[in-house]
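Order of the sequence lines sets the chain letters (A, B, ...), proteins ahead of strands, with each chain counted from 1.
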Amino acid sequence: DTGVSQDPRHKITKRGQNVTFRCDPISEHNRLYWYRQTLGQGPEFLTYFQNEAQLEKSRLLSDRFSAERPKGSFSTLEIQRTEQGDSAMYLCASSLPTGINLEAFFGQGTRLTVV
Amino acid sequence: SQQGEEDPQALSIQEGENATMNCSYKTSINNLQWYRQNSGRGLVHLILIRSNEREKHSGRLRVTLDTSKKSSSLLITASRAADTASYFCATSEVGGGKLIFGQGTELSVKP
């Protein structure tokens with residue numbers, strides 16, 4: 001499977017715990033995006049990388065959220081001290097930065113439930 | 001915050017009918033894209049229309065873009081039950097590097 005891979009697919013955690021999600025993009029893609037999606041809503045932008053550089057981070061993103069892409073390949077998204085409001089689907093996408101017309105390829109997402 | 005506003009929020013039609021979904025946005029864009037999402041799954045790219053294009057076709061999909069009105073429409077012709085999904089528009093802003101998604105239209109096609 002050469003698509004975007006996310007792990008785990010589902011995560012249930014207790015409030016206050018830390019969680020980490022992983023995303024493996026399509027191998028030749030050097031842009032990687034993280035989005036959050038709650039039920040009935042569109043994906044909300046969190047952050048994106050070009051290679052290992054984090055180019056933009058949403059102002060709405062709490063400082064409990066951190067993302068890394070240390071070698072410009074896979075990425076991790078960590079949420080510290082989880083809250084019930086963090087329950088959502090976390091989506092990763094990747095793309096080629098060919099000009100300005102980018103098609104993003106999405107993974108299946110990680111569904112987080114904070115209890 | 002989301003840029004796109006989609007209309008309608010939900011649409012229910014019979015198989016064989018056409019489905020039209022609309023999207024409005026606020027800023028200058030490089031392109032507008034439409035994605036499909038089946039329940040609980042990731043998003044699948046359907047079609048991209050550049051800011052200098054007015055209409056684009058792909059199979060049963062027809063997308064229009066009116067940059068003067070900052071709006072786009074997605075038409076699915078001869079719908080099938082398998083088209084049941086949520087459809088999202090996403091814009092790539094001028095000077096930006098990310099896609100900004102609308103709230104989506106939930107399409108239900110009844111056999």
Please answer: with hydrophobic residues joined when any side-chain heavy atoms are less than 4.5 Å apart, are [X] and [Y] in the same cluster?
X	Y	result
Val63(B)	Met21(B)	yes
Leu61(A)	Tyr90(A)	yes
Ile79(A)	Met89(A)	no
Leu107(B)	Leu61(B)	yes
Val4(A)	Phe49(A)	no

Check: Less than 4.5 Å apart, any side-chain heavy atom of Phe88(B) and any of Gln37(A)?
Finding: yes

Could you check whether atom [atom1] of [X] has more than 12 heavy atoms from other residues, nucleotides or ligands sitting under 6.0 Å from it?
X	atom1	value
Arg54(B)	CZ	yes
Lys11(A)	NZ	no
Gln9(B)	CD	no
Arg80(B)	CZ	no

**Asked** Which residues in residues 35-47 of chain B have a heavy atom less than 4.5 Å from any heavy atom of chain A?
**Response**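 Residues of residues 35-47 of chain B touching chain A at under 4.5 Å: Tyr35(B), Gln37(B), Gly40(B), Arg41(B), Gly42(B), Leu43(B), His45(B).
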
Here the gap from Tyr35(A) atom OH to Phe101(B) atom CZ, rounded to the nearest 0.5 Å, amounts to 5.0 Å

(Q) Would you compute the distance between atom CD of Glu103(A) and atom CD of Gln33(B) and round it to the nearest 0.5 angstrom? (A)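 The CD atom of Gln33(B) is 7.0 Å from CD of Glu103(A), to the nearest 0.5 Å.
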
Summary of side-chain hydrogen bond (donor to acceptor under 3.5 Å, both in side chains) pairs that have at least one residue in residues 78-87 of chain A, sequence neighbours excluded: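 Counting only pairs at least two positions apart or across chains, the side-chain hydrogen bond (donor to acceptor under 3.5 Å, both in side chains) contacts touching residues 78-87 of chain A are Arg64(A)-Glu83(A), Arg64(A)-Asp86(A).
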
- Task: Can you tell which part of Phe105(A) gets under 4.5 Å to a heavy atom of chain B, answering side chain, backbone, both or neither?
- Result: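 Nothing of Phe105(A), per the 4.5 Å heavy-atom cut-off to chain B.
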
Bottom line for Leu55(A): the part with an atom under 4.5 Å from chain B's heavy atoms is neither

Practice problem: Taking heavy atoms only and a threshold strictly under 4.5 Å, list by residue number the residues of residues 106-115 of chain A that touch chain B; give 'none' if the list is empty. | Solution: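 Residues of residues 106-115 of chain A touching chain B at under 4.5 Å: Phe106(A), Gly107(A), Gln108(A), Arg111(A).
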
task = Kindly write out the residues that satisfy ring-ring contact (aromatic ring centres under 6.0 Å, His included) with Tyr48(A), not counting sequence neighbours, or none if the list is empty.
result =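 Listed in chain order: Tyr33(A).
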
